[in-house]
Amino acid sequence: MNHRYRLCMKTCFQTETKRMAEITIRDAIRQAIDEEMTRDERVFLIGEEVAEYNGAYKVSRGLLEKYGDMRIKDTPITELGFTGLGVGAALAGLRPIVEWMTFNFALLALDQVINNAAKMRYMSGGQFSCPIVFRGPNGPAEYLSSQHSQALQSFFVHIPGLKVVAPSTAYDAKGLIKSAIRDNNPVVVLESELAYGWKGEVPEEEYLVPFGKADVKREGKDVSIIVHGKPLRMVLEAADILATEGISVEVVDLRSLSPLDEETIEQTVQKTNRAVVVDESWPMCSVGSHVVSVISQRCFFDLDAPVALISSEHVPMPYNHTLELAAQPTVEKIVNAAKQVCYK
Amino acid sequence: MAYSIQKDKETLGEVLRKMLLIRVFEERSAQLYGLRKIGGFCHLYSGQEAVAMGTISATDPSKDYILTSYRDHGHALGLGMDPGAVMAELYGKETGCSKGKGGSMHLFDVEKKFFGGNGIVGGQIPVAIGTAFKQRYLNETGVTLCFFGDGAIHQGAFHESINLAKIWQLPVLFIVENNEYGMGTAVSRVSSITEYEKKAAGYGLPGYLVDGMDYFDVYTKTSKAVERARKEHEACIMHVKTYRYRGHSMSDPAKYRSKDELQAYKEKDPIQQLFKHMVKEKMTTKKAYETLEEEIKEIVESAVTFSEESNEPPISSLYEDVFSD
Ligand SMILES: Cc1ncc(C[n+]2csc(CCOP(=O)(O)OP(=O)(O)O)c2C)c(N)n1
Ligand SMILES: [Mg+2]
């Protein structure tokens, strides 16, 4: 586990609910899958090591015993094959959840996602629905070098016909994944290896988190920091530090990348007049750079400073820990960017 | 026996009719392409009719799925899709089966369990094991017919899929329509072995060599394979040797092959073979055939008229059918 994240954030992100249990994001995802599999027999989980091994990151622990090997399916290492199988099953009326061991390996399956899952409805003039969820850990972990530490959201967000979400709290993970499983379209869920152990409060009663709605994780008035996925924690930490220096930060967690909640982005920038966008993927054609473009189109006259983008450096990820941290957004980089747009 | 040679006149008459419909439709499409009524990539099926008809006749349309590549007009018409809706799709009109959004390569009919029409070489193969998976998941008795070209058999997608079909006992027929070429590339130049039926052994599955110019051979062997898939959930490779009379697509003059080669296949023309058989069995006559030909030309002409008279899709449809509710 990464020491940077050991400090458990006590922030309560959600509106009051009666009884809240603290669970990990890993458990929140499993609960979502479990509940939806109970609710609908057409839902099944397929991927490498999801059944007997309980999942490479133990997300599916216990599900094989509960649902049997027709619904929790271990596959050979054939990303293209089993992803396409999911697409065909979805087109024929089932509701597959395809787990990619990590998104790095999803690159081998992109043809099925982009050319089939995302396109069949359109190309057929609306004859098909493709209710399928593609999920797994995306983005850098630690000490993994270049092929295993990539934030690939741009590949999916770029494609019409796909929905893309990036939960970074237990509450959002459960609610978004339940929504994803019930959605009649292909949904890509970007999880994070380093965030699976993060704890957060999740209500006992059933709830869904809708797509297309960003969440203001912290209100503030001086500068907006817009983020999605794992870097949310860093941003919240940066906001704490900035508060001690008299800078009030509004933290917007996009949660849903496609569709994107442009209204909330506009509202927050209109309120603070300054924005820092944080994205752990590379800067070119990224979600972050797109958010910057949205701000420039919708909020040009509201801005008191140029928008800052804190992304990963445009280099493959190195193995060495000092180097790999330097390649990514850090609390320090975020704090400095916020100060810079506040001219402090 | 389900797979004995079909003898009854009605059934064979219908097969002959559909094969002729495909041929006439394709030849008319070629003309219309020349007139720029049809654009883009347009891959014709002339010469391969016995493959679509021999296989489709052996299926149960109420429960069997069919998927193929961009060379899909023959399967669509063979399955009984309305020639007007197919031609209008080639025209890109709103009355097309895909509302003008798919074109020649993307014909679909969800009601008929026809899942296209895929433009990526090998792209339909993993999808096909998915429909077969659904059939197993829901304990249905249907099977999936997955067609693809000789060019697609080298794709990883095929090898991943056939392995999955074996380990999970998916009822799918991998039907290779070997028409000797993938675009301009002869199979012998790119295939480790050209006896594709033998590849099945590497996956512990049966492989069948089929004469794709002979309707009866296709029908008989497919019936047998369908039965095994239905009852024993056994997948297979059907290596169907066939030939396309035209170039790869409308822009291909096919200079990489000889006139003699083409002629040799035309002498084994699948439609003529079936017709001659039916004459021999006294199921039809030359005169009846001529009448049938006229009738079919009229059907195709009315499909053309329908397409000509149909509207362009409205610009407002651009954002429709991206997502389902
Ligand atoms: C993945 C991919 N690569 C290349 C192409 C371009 N392409 C279209 S058809 C074709 C030849 C395929 O030949 P074959 O599989 O034998 O089918 P046939 O056209 O003979 O029916 C090629 C190379 C493509 N559509 N998809
Ligand atoms: Mg070929």
Side-chain angles (χ1 to χ4, degrees), chain A residues 41-44 46 69-71 73-96 98 108-112 114-132 159-163 183-187 211 258-259, chain B residues 65 67 89 94 96-103 105-111 113-120 122-138 142 144 146 155-165 167-168 170 313 317 319-325:
Chain A
E41 292 203 336
R42 295 169 300 173
V43 179
F44 67 98
I46 181 171
D69 65 2
M70 198 61 202
R71 296 185 69 193
K73 282 216 93 62
D74 274 334
T75 67
I77 306 158
T78 50
E79 283 77 10
L80 181 65
F82 72 73
T83 301
L85 182 148
V87 174
L91 295 171
L94 300 184
R95 306 185 78 85
V98 173
L108 281 79
L110 279 187
D111 172 48
Q112 289 298 326
I114 296 177
N115 283 318
N116 289 342
K119 304 286 160 51
M120 286 293 273
R121 182 171 182 80
Y122 199 77
M123 293 195 303
S124 67
Q127 293 190 56
F128 293 99
S129 292
C130 191
I132 187 168
I159 305 300
L162 296 180
K163 298 184 181 181
D183 202 285
N184 285 327
N185 298 285
V187 182
F211 293 170
S258 184
Chain B
Y65 288 94
L67 296 90
E89 191 55 38
E94 70 171 349
C97 55
S98 305
K99 298 189 198 159
K101 283 173 171 162
M105 298 189 285
H106 305 300
L107 306 174
F108 303 93
D109 190 332
V110 75
E111 298 294 314
K113 298 190 162 47
F114 180 47
F115 281 30
N118 202 303
I120 307 300
Q124 72 277 23
I125 305 176
V127 181
I129 57 164
T131 58
F133 179 82
K134 175 258 186 179
Q135 289 167 321
R136 289 286 273 145
Y137 190 92
L138 298 181
T144 294
C146 177
Q155 288 279 38
F158 166 69
H159 296 274
E160 295 189 17
S161 299
I162 190 168
N163 184 64
L164 283 161
I167 62 170
W168 292 346
L170 305 177
S317 70
Y319 275 88
E320 288 167 8
D321 303 320
V322 179
F323 288 113
S324 135
D325 293 335

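Lettering of chains follows the sequences in order, A, B, ..., and the numbering in each one begins at 1.
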Report summary line: Output for pair (B:Ile167 CD1, A:Thr78 OG1), nearest 0.5 Å, gives 7.5 Å
Report task. Identify which part of A:Leu108 has an atom lying under 4.5 Å from any heavy atom of chain B, answering side chain, backbone, both or neither. Result -> neither
Query - Distance (rounded to the nearest 0.5 Å) between B:Leu107 CG and A:Met123 CE - result: 10.5 Å
Report task. Measure across A:Ala92 and B:Phe115 and return the closest heavy-atom pair with its distance rounded to 0.1 Å. Result -> N-CE2, 3.9 Å
Requested in this report: Can you sort out the partners of B:Asp109 under side chain to side chain donor-acceptor pair (under 3.5 Å), two or more places apart, ordered by chain and number?
Outcome: none
Report task. Output the distance between atom CG (A:Leu85) and atom NZ (B:Lys134), rounded to the nearest 0.5 Å. Result -> 13.0 Å
Report task. Tell me, for B:Asn163 versus chain A, whether the close heavy atoms (under 4.5 Å) come from the side chain, the backbone, both or neither. Result -> side chain
Query - Nearest non-hydrogen partners of A:Gly81 and B:Leu164, listed with the distance - result: C-CD1, 3.8 Å
Report summary line: Honestly, the part of A:Lys119 sitting under 4.5 Å from a heavy atom of chain B is neither
Query - Atom CD1 of A:Ile77: over 12 foreign heavy atoms under 6.0 Å - result: no
Report task. Give a yes or no answer on whether the side chain of B:Asp321 reaches the backbone of A:Arg121 with a donor-acceptor pair at less than 3.5 Å. Result -> no
Query raised in the report: Looking at side-chain heavy atoms only, is the closest gap between A:Tyr122 and B:Lys99 below 4.5 Å?
Result: no
Query - Check: A:Gly88 main-chain N/O paired with B:Thr131 side-chain donor or acceptor under 3.5 Å - result: no
Query raised in the report: Quick one: what part of A:Gln127 sits under 4.5 Å from any heavy atom of chain B, side chain, backbone, both or neither?
Result: both
Query raised in the report: Which bit of A:Asp111 is near chain B, if near means a heavy-atom gap under 4.5 Å: side chain, backbone, both or neither?
Result: side chain
Requested in this report: Could you walk me through whether B:Asn118 and A:Asn115 pass the side chain to side chain contact (heavy atoms under 4.5 Å, CB included) test, one step at a time?
Outcome: CA-CA 9 Å; B:Asn118 202 303; A:Asn115 283 318; 5.7 Å; no
Query raised in the report: In terms of ring plane angle, is the pair B:Tyr137 and A:Phe44 parallel, tilted or perpendicular, where the classes change at 30° and 60°?
Result: tilted
Requested in this report: Pick one of side chain, backbone, both or neither for A:Ile46, based on which atoms fall under 4.5 Å of a heavy atom in chain B.
Outcome: side chain
Query raised in the report: What residue, out of A:Lys73, A:Met120, A:Lys163, has the most heavy-atom pairs lying under 4.5 Å from chain B?
Result: A:Lys73
Query raised in the report: Checking heavy atoms, do the side chain of B:Glu320, its backbone, both or neither come under 4.5 Å from chain A?
Result: backbone
Query raised in the report: Mind checking whether A:Asn116 and B:Ile120 have side chains closer than 4.5 Å, heavy atoms only?
Result: no
Query raised in the report: CH2 of B:Trp168 to CE of A:Met70: how many Å apart, nearest 0.5 Å?
Result: 8.5 Å
Query raised in the report: If you take all heavy atoms of B:Val322 and A:Gly161, which pair is closest and at what distance?
Result: CG1-N, 3.7 Å
**Report entry** Atom group of B:Ile125 that falls short of 4.5 Å from chain A, counting heavy atoms
**Finding:** neither
Report summary line: So, the part of B:Ala128 with a heavy atom under 4.5 Å from chain A: the answer is neither
Report summary line: Taken to the nearest 0.5 Å, the spacing of A:Thr75 OG1 from B:Glu160 CD works out to 9.5 Å
Query raised in the report: What are the two closest non-hydrogen atoms of B:Val127 and A:Val87, and how far apart are they?
Result: CG2-CG1, 4.4 Å
Query - Which atoms of B:Tyr65 approach chain A - backbone, side chain, both or neither, heavy atom under 4.5 Å - result: side chain
